[in-house]
Amino acid sequence: MADIIIKNAYVLTMDPDAGDLKNGTVVIEDGKITEIGDKTKESADTVIDAKGSVVMPGLVNTHTHAAMTLLRGYADDLQLAEWLEKQIWPAEAQLKAEDVYKGSLLACLEMIKSGTTSFADMYFFMDETAKAVEASGLRASLSHGLIELWNKEKGEADLKEGKRFVQTWQGAAGGRIKTMYGPHAPNTCSEEFLAKVKEEARRDGVGIHIHVLETEAELNAMKKRYGKCSVHLLEDLGFLGPDVLAAHCVWLSDGDIDILRKRGVNVSHNPISNMKLASGIAPVYKMLEKGMNVTLGTDGCASNNNLDLFEEMKTAALLHKVSTGNPTALPARQVLEMATVNGAKALGTETGMLKVGKKADIIIVDMKKPHLTPCFDVPSHLVYSAKGSDVRTTIVDGKVLMDNYRVFALDEEKVTEDARKAAEELVARVNA
Ligand SMILES: O=c1[nH]cnc2c1ncn2[C@@H]1O[C@H](CO)[C@@H](O)[C@H]1O
Ligand SMILES: [Zn+2]
């Protein structure tokens, strides 16, 4: 007997070999997809009737700072340097471990409710984020943020903590938690430090999550310091490879794109954060044309200001149409691919596609809504009309975390209230 059967659904497999099923069934057993078809002979403990809904792979958010939900709307409409150094970092200096737990739980709740089933995170007190992921049932690739700032002692302490985190949490929560090293950026970490991080990551067999060329200021600072940009510096260090997840990549030259492509680097495109901080427009159309693995991320809630990947998909689709002057750029299905298949590839998870043998990270989107009526083309609706709040069911690793808009995994009221209180107390400490 199977664990879960989802029936009567439009099945958007995101599997190029299989295509979509207009009225299909998905069977889940032991955390995996065991059958996809028109009908099944199986029976199951849980049968979900998904009539009028779309069943699809859960979305993958490849760049977050989950606990920054606590700083949602705290410092808007500022330059990145001023935002980060004068507002965010002083606030983060007051963070306590329990704040990170509460903020991360709030992020997990928000993600479950908006159809994100896995995410890549970089922050501090990461044990707390890991505990929140464990409790929420989500899947995540977590890294302790390493901000060396040319301070050797701080660098060593950070790296030690990053390593302890990797060794403690790699493969935890039944394999739902993976770990990475998280050097903040090439303009906040020295060359020697980045090389050391690469060595440790290689030794531990885990990936690296890093911000790359987010701003023109970074590009200028790198040129001044090293006479070359961040991508060339990382290339010369032997840092780049398919194990690297590079967030933003806004200020890339054509030569940089070629290097990243050659090395198989995964890019996390964060259009809303880039627009909000006026960082610029990443050359996503070019990267995709060259066959690079470009994924989607929201960044933290202080620069977005939410974790809704449906908004991110729409923004990406629109931004690259207007920036290239080409309305055929980033069509809906390609954007869905970025948020599912490509994201899963970047995180190295067996998810992102509805296919027999893949892990069952699945969402059901309720299409019986005024703003989703009529429906001629499902991918178009998912990218241009749907919202995270249209997700009615979220399943991770074959476990139902939310069904019919009811979250089982977490106590919604308590999580929200605890985070609200923690955020207010945090800001009071900053202003004290
Ligand atoms: O868009 C961004 N650019 C640079 N740093 C960021 C951004 N968003 C968050 N952080 C910062 O990255 C650190 C985690 O390692 C945190 O200090 C967080 O505030
Ligand atoms: Zn970031």
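What you are looking at is a predicted structure, and each value in this text was computed from that prediction instead of being measured. The residues of the chain are indexed from 1 along the displayed sequence. Note that ligands are numbered from 1 as they come in the structure, with each ligand's atoms numbered from 1 the same way.
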Under the side-chain contact (heavy atoms from CB on, under 4.5 Å) criterion, do Leu233 and Asp236 qualify, and how do the steps go?
-> CA-CA 5 Å; Leu233 180 95; Asp236 293 348; 6.0 Å; no
Hey, does Trp89 come in under 3.5 Å of ligand 1, counting only N/O atoms on both sides?
-> yes
One finds that the ligand 1 atoms under 4.0 Å from a non-hydrogen atom of Gly145 are 15 (O)
Looking only at distances, please establish whether an N/O atom of ligand 1 is found under 3.5 Å from an N/O atom of His184.
-> yes
Pair Tyr101-Asp127, side-chain donor/acceptor within less than 3.5 Å = no
Are Thr298 and Glu312 linked by a side-chain donor-acceptor pair shorter than 3.5 Å?
-> no
Glu214 near the Zn ion (ligand 2): N/O/S under 2.8 Å | no
Neighbour count above 12 (heavy atom, 6.0 Å) for Lys228 NZ = yes
Stepwise, does the salt bridge (charged side-chain N to carboxylate O under 4.0 Å, His left out) test hold for Glu134 with Lys131?
-> CA-CA 5 Å; Glu134 197 167 33; Lys131 284 182 210 158; over 6 Å; no
Begin from the C-alpha positions of Leu12 and Arg333 and carry the test side-chain contact (heavy atoms from CB on, under 4.5 Å) through to its verdict.
-> CA-CA 10 Å; Leu12 183 85; Arg333 211 172 259 278; 3.9 Å; yes
Among protein heavy atoms, which lies nearest atom 15 (O) of ligand 1, and at what distance?
-> Met122 SD, 3.1 Å
Going by the atom numbers of ligand 1, which of them fall below 4.0 Å from some non-hydrogen atom of Ile88?
-> 19 (O)
Around atom 10 (N) of ligand 1, find the nearest protein heavy atom and jot down its residue, atom name and distance.
-> His65 NE2, 3.8 Å
Polar-atom distance check: Glu214 versus ligand 1, any N or O pair below 3.5 Å?
-> yes
Is a side-chain donor-acceptor pair under 3.5 Å present for His63 with His209?
-> yes
What distance separates Leu70 CG from Gln94 CD, expressed to the nearest 0.5 Å?
-> 13.5 Å
Run the numbers on Val265 and Ile259 for side-chain contact (heavy atoms from CB on, under 4.5 Å), then give the verdict.
-> CA-CA 9 Å; Val265 170; Ile259 291 173; over 6 Å; no
Based purely on interatomic distance, does Tyr123 place a nitrogen or oxygen under 3.5 Å from a nitrogen or oxygen of ligand 1?
-> no
Quick one: does ligand 1 sit under 4.0 Å from the side chain of Leu84, the backbone, both or neither, non-hydrogen atoms only?
-> side chain
Against heavy atoms of Met68, which atoms of ligand 1 measure under 4.0 Å?
-> 9 (C), 18 (C), 19 (O)
Exercise: do Asp366 and Asn404 side chains pair donor with acceptor under 3.5 Å = no
In Asp299, the N/O/S atom nearest the Zn ion (ligand 2) carries the name OD1
To which protein heavy atom is atom 18 (C) of ligand 1 closest, and what is the distance rounded to 0.1 Å?
-> Glu92 OE2, 3.3 Å
Quick check: does His65 have an N/O/S atom under 2.8 Å of the Zn ion (ligand 2)?
-> yes
So for Asp299 against ligand 1, with non-hydrogen atoms under 4.0 Å, the contacting part is side chain
